[in-house]
Amino acid sequence: MTAKPMMTANPAMPVVSAQDVHKWYGQAKVLNGVDLEVAPGEVCCVIGPSGSGKSTFLRCVNHLEKIDAGRLQVNGHLVGYRERGGRLHELREKEVAAQRRDIGMVFQRFNLFPHMTALENIMEAPCRVKREAKAVVRERAMRLLDRVGLGARCDAYPAQLSGGQQQRVAIARALAMEPTLMLFDEPTSALDPELVGEVLDVMRDLATSGMTMVVVTHEIGFAREVGDALVFLDEGTIVESGHPREVCARPRHERTRAFLSKVL
Amino acid sequence: MADVSTHPGPPPIRAVPVRHYGRWVFVAVMVVALALVVRAFWGADIDYSVTLRFLTAGNVLSGLVNTVVISVLAQAVGIALGVVFAVMAMSRHAEVRAVSAAYVWLFRGTPVLVQLLLWYNLSLVVSTVTVPGVGSWPTNQLITPFIAALLGLGINEGAYMAEIVRAGIQSIDHGQSEAAQALGMSPLLTMRRVVLPQAMRVIVPPTGNEFVSMLKMSSLAYAIQYGELLQSAVKIYSNNLAIVELLLTVSIWYLALTSVATVFQGFLERRFSRGVMGNGRPSVRSRLLGLGGPGTKGAVR
């Protein structure tokens, strides 16, 4: 396994770098040449109609899905592969797991572990994967729970929490691994409308703290307010990208305009 | 909810319930059948004092212990093999899946009694067992009735457990292992810490069923001279000819064992319903008695 230097030192290097990324399931093309760079501290929001490949792209970034062509790098390392002698070699599952430690992911359906309390959910990976001391992890986990406003519910099981609370625990769980990149896969889509705000608040706080984030979302308002970049994906390609307010105010492409008129 | 007594609307409905005459006929038939059975046992030449006296006879008790020992160990072997072969059955590699399928096919497809006899007579197939660098032993010495029973019952059980464990693992939402992987957990850690603990809720009830079945299935080891409960009864009644009396003695013990197993299963089910429908951990009372406690209420059983 190659040693993995800390990458935060080099501000010029993008955290995520996708070059001509393709992905297909059998005959169906899901990603059709995606080029994207996310700089350190940047919040990149990805929007697009359902089936446009935005979730797939996000899942490729931490190798939950394999890409079929192109290059995808996180912190300067190819995701899921090693390049040697001009050929790509698949990484072992252990090595892929090691890559994922630096990438936090928040899912549409939270995916908290139902047999663990909120606190146990957060402590699990730092204790078992990074093998950190339990007392240290507990303290950090409690701090994170406080940060997402759920310090008092640390002993609650996921089933005892509302959707918004579960998603906030899920964000804290991902942060506990101290990632350099956070991926959000439609984090508010499964929530009742009145619970969306509390999750967006936590994400806004995270963005302000300088976390690099890629957010697949339908919340145009959030993208406009918090995002540094907005990417409109349709049929597996990036149709338009730019500053969120710019794209929302003056979309250059007909498809972007049509989509925005439906969601705004 | 509004109090029914102050309900201002129309009076509550008091309808005549449907009469189920078929049920009465059924119950009557069952009562008659039971009476016939009781009369047969009552009128037969059975000395029930012998049945009761032999309940605590030394031979019967040592048979009882052996039955418990072989059942617990064989079930443990079965569970371990079941987990391994269940994971293999879900492998991405076809050849690994094929090995698992062949194992289940072979050991689920042949009678346990035949398997037991084959293990017991293993020396007819291989005369010596050699472990390179360690030593070599005649198979006859290695395969005692106990070892043969453990291998026969355990490996057979593993085939059934593999199917049960596989069903349990497949019942867990894929998002769970994705979330674990996204946190950097290895496939093994994901299985051990995230998937299996949740799958237990699905695995425990049929496994309890399997163990109850194992307690009784262990009586087949009688055929290979293993000193379990049934064998102790046979030894005694071949001397005193109190055949039915002794068979009733062991029946009582088997019933006692399966009853204990059932209570234990209930405890395990509550233990693994942690986090389901807002349950807390089982209380001390439920832990000791297998009754009540917060686990009982909303648990999906």
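Since the structure is predicted, the reported quantities are computational estimates derived from the model, not experimental observations. All chains are named by letter (A, B, ...) in the order of the sequence lines, taking the proteins before the strands, and each is independently numbered beginning at 1.
The minimum heavy-atom distance between Leu183(B) and Ala125(A), with the atom names listed, is CB-CB, 3.8 Å. Of all heavy-atom pairs between Asn62(A) and Ala182(B), the closest is ND2-CB, 3.8 Å. Across all non-hydrogen atoms, the minimal contact from Phe113(A) to Gln176(B) is CD2-OE1, 3.1 Å.
Considering only heavy-atom pairs separated by less than 4.5 Å from chain B, the leading option among Arg173(A), Lys130(A), Met116(A) is Arg173(A). Between chain B and the residues His63(A), Arg128(A), Arg59(A), Met177(A), the most heavy-atom pairs under 4.5 angstrom are made by Arg128(A).
Residue Leu189(B) touches chain A through its side chain alone, counting heavy-atom pairs closer than 4.5 Å. Only the side chain of Leu64(A) comes within less than 4.5 Å of a heavy atom in chain B; its backbone stays farther off. Contact annotation for Pro158(A): neither backbone nor side-chain heavy atoms come within less than 4.5 Å of a heavy atom of chain B. Proximity to chain B (any heavy atom under 4.5 Å) is shown, for Leu183(A), by neither the backbone nor the side chain.
Around atom CZ of Arg140(A), more than 12 heavy atoms belonging to other residues, nucleotides or ligands sit under 6.0 Å away. No more than 12 heavy atoms of other residues, nucleotides or ligands sit less than 6.0 Å from atom CZ of Arg109(A). Annotation for Arg97(B): atom CZ counts as buried by contact number, over 12 foreign heavy atoms lying within 6.0 Å.
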List, one per line, each side-chain donor-acceptor pair under 3.5 Å for residues 98-105 of chain B, sequence neighbours excluded.
from: Ser100(B); atom 1: OG; to: Phe85(B); atom 2: O; distance (Å): 2.8
from: Tyr103(B); atom 1: OH; to: Ile155(B); atom 2: O; distance (Å): 2.7
from: Tyr103(B); atom 1: OH; to: Ala159(B); atom 2: N; distance (Å): 3.3

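A distance of 10.0 Å separates NE2 of His115(A) from CZ of Arg271(B), quoted to the nearest 0.5 Å.
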